[in-house]
Amino acid sequence: MALLLRFVLLCGVADFARSLSITTPEQMIEKAKGETAYLPCKFTLGPEDQGPLDIEWLLSPADNQKVDQVIILYSGDKIYDDYYQDLKGRVHFTSTDLKSGDASINVTNLQLSDIGTYQCKVKKAPGVGNKKIQLTVLVKPSGIRCYIDGSEEIGSDFKLKCEPKEGSLPLRYEWQKLSNSQKLPTSWLPEMTSPVISVKNATTEYSGTYSCTVKNRVGSDQCLLRLDVVPPSNRAGTIAGAVIGTLLALVLIGLIIFCCHKKRREEKYEKEVHHDIREDVPPPKSRTSTARSYLGSNHSSLGSMSPSNMEGYSKTQYNQVPSEDFERDPQSVTLPTAKFKHTHETDGLTVV
């Protein structure tokens, strides 16, 4: 009975050893953005695994909003690597002979969207095996900027700041003094691993060159900062200079406005004079010609006047003529003799 049980166990172990098995353990891999991730998947086959070999890699995105995506496939001695558009052209088998037992892949130019769980499936009937690998993509610290926030004067308070443009958390900071005594003030020590150092009551001993190094699990970056603590500036002189400069600017602006206003007034005056004296207006008639034309018009109208009002009309009209020609004796004016005749049919007078 014991011999029979031992025989059965040996057969079971032999069968288990001969079946398809993936030897690569499940693991987690961290890589930096832009790098290449190697995802291993090695397997062994048993004598009874005689079916066609199929290898399939799937991706389960980290956001769990998408279903599993086939990213590369080996079937019928052909490779298909255009299933997943986001990884198209960036995923490849590492081995040229997949039947040798190596189904590992490389994912190049890693992006944050590549984060997720990758699953390797190997099938060769009747054997089947699969393994999972967790891939995390991190961003290296980069674009570090060091600067001083405040006035670098003796006795003043300011801050030394170190800011990375990008970098995956958690980030670690490390400050160092590279010049002069290289000895840091004891008050700074608690902040030497933080992005900001608060400086109180600064002295010239703080002057020097400082470095700030930012690190995470996939990389690091550094920046330099030069600190020069100087005596306080003459603030009274600075303020007085600013006031004088402002006054001069106001005077200059006033002069410019005055000159512009004066020029506009001169231009307006020239336009008015030009409007009053126009070359296209004919000269006024002489007083002599005016008086003669006035006399002629009155003379032509005498024929229609009656003798009763002739005397008053002639005196009134001639007295109204403003011509200098009529300032002499009125008797010198010779009027044509008018002839009248009586008509029995009418009471009026007719000029012949």
Side-chain angles (χ1 to χ4, degrees), residues 28-38 62-63 86 90 106-116 134-246 249:
M28 295 180 62
I29 298 176
E30 286 185 348
K31 286 290 183 179
K33 178 183 176 182
E35 294 183 347
T36 297
Y38 168 70
D63 56 10
D86 290 351
R90 295 194 294 120
N106 280 332
V107 180
T108 62
N109 190 22
L110 287 172
Q111 304 297 317
L112 296 179
S113 59
D114 299 337
I115 297 174
Q134 182 71 37
L135 176 63
T136 301
V137 180
L138 302 176
V139 179
K140 292 181 180 180
S142 63
I144 310 299
R145 176 175 174 249
C146 292
Y147 64 97
I148 300 171
D149 184 6
S151 176
E152 307 172 50
E153 296 181 352
I154 295 176
S156 63
D157 298 341
F158 53 85
K159 295 180 180 180
L160 308 182
K161 293 188 176 182
C162 179
E163 297 179 353
K165 184 177 181 180
E166 60 179 0
S168 298
L169 301 176
L171 296 173
R172 301 190 307 274
Y173 296 84
E174 181 180 344
W175 288 88
Q176 289 183 339
K177 190 175 183 181
L178 305 179
S179 61
N180 298 346
S181 64
Q182 297 186 354
K183 184 179 179 180
L184 296 170
T186 55
S187 59
W188 292 16
L189 297 179
E191 298 180 327
M192 296 307 294
T193 56
S194 67
V196 179
I197 294 179
S198 298
V199 180
K200 303 293 184 180
N201 192 20
T203 67
T204 56
E205 296 178 356
Y206 297 168
S207 298
T209 301
Y210 294 83
S211 70
C212 175
T213 304
V214 184
K215 302 178 181 179
N216 63 7
R217 293 195 297 267
V218 293
S220 64
D221 197 8
Q222 185 183 76
C223 65
L224 299 178
L225 180 148
R226 177 65 190 180
L227 174 62
D228 292 311
V229 181
V230 297
S233 59
N234 187 1
R235 297 183 179 178
T238 303
I239 295 173
V243 172
I244 294 174
T246 303

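For clarity, every value in this text was computed on a predicted model and none was experimentally measured.
Residues forming a side-chain hydrogen bond (donor to acceptor under 3.5 Å, both in side chains) with Asp86 (at least two apart in sequence, or on another chain): Tyr84. For Lys140, the salt bridge (Lys or Arg N to Asp or Glu O under 4.0 Å) partners at least two apart in sequence or on another chain are Glu35. Remark: Tyr210 pairs with Trp188 by the ring pair (Phe, Tyr, Trp, His ring centres under 6.0 Å) rule, at least two apart or across chains. For Asp157, the salt bridge (Lys or Arg N to Asp or Glu O under 4.0 Å) criterion is met by no residue, not counting sequence neighbours. Residues passing the salt bridge (Lys or Arg N to Asp or Glu O under 4.0 Å) test with Arg217, sequence neighbours excluded: Glu30. Partners of Ser156 by side chain to side chain contact (heavy atoms under 4.5 Å, CB included), not counting sequence neighbours, listed by chain and number: Glu153, Phe158. Remark: Ser211 pairs with Gln176, Leu178, Gln222, Leu224 by the side chain to side chain contact (heavy atoms under 4.5 Å, CB included) rule, at least two apart or across chains. Listed by chain and residue number, Arg172, Glu174, Thr213, Ser220 satisfy the side chain to side chain contact (heavy atoms under 4.5 Å, CB included) test with Lys215 (two or more places apart in sequence, or in another chain). The side chain to side chain contact (heavy atoms under 4.5 Å, CB included) test applied to Thr203 returns Glu205, Tyr206, not counting sequence neighbours.
Here the CD1-CD distance, from Ile29 to Gln134, works out to 10.0 Å after rounding to the nearest 0.5 Å. Considering CG of Leu225 and CD1 of Ile144, their distance stands at 13.0 Å, rounded to 0.5 Å. Summarising the geometry, atom OH belonging to Tyr173 is positioned 5.0 Å from atom CG belonging to Leu171; distances are rounded to the nearest 0.5 Å. Distance CZ/Arg90 to CG/Asn106: 12.5 Å, rounded to 0.5 Å.
Contact check for Ile115 versus Val137: side-chain heavy atoms found under the 4.5 Å cut-off. Between Arg226 and Thr209, the closest side-chain pair of non-hydrogen atoms falls below 4.5 Å. Counting heavy atoms from C-beta on, the side chains of Pro141 and Asn216 come closer than 4.5 Å.
A salt bridge is absent between Lys31 and Asp114; no separation between the charged side-chain nitrogens and carboxylate oxygens falls under 4.0 Å.
Sorted by first then second residue, the salt bridge (charged side-chain N to carboxylate O under 4.0 Å, His left out) pairs that include residues 161-170, not counting sequence neighbours, are Asp149-Lys161. Residue pairs meeting the side-chain hydrogen bond (donor to acceptor under 3.5 Å, both in side chains) criterion with at least one partner in residues 191-202, sequence neighbours excluded, are absent.
The SG atoms of Cys162 and Cys212 lie less than 2.5 Å from each other.
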Full working for side chain to side chain contact (heavy atoms under 4.5 Å, CB included) between Leu227 and Val199: CA-CA 11 Å; Leu227 174 62; Val199 180; 5.6 Å; no
Pair Ile148-Leu160, side chain to side chain contact (heavy atoms under 4.5 Å, CB included): steps then yes or no: CA-CA 5 Å; Ile148 300 171; Leu160 308 182; 3.9 Å; yes
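Considering all non-hydrogen atoms of both residues, Pro232 and Ile154 come closest at CG-O, 4.1 Å.
Here the side chain of Ser207 pairs no donor or acceptor atom with the backbone of Asp228 at under 3.5 angstrom.
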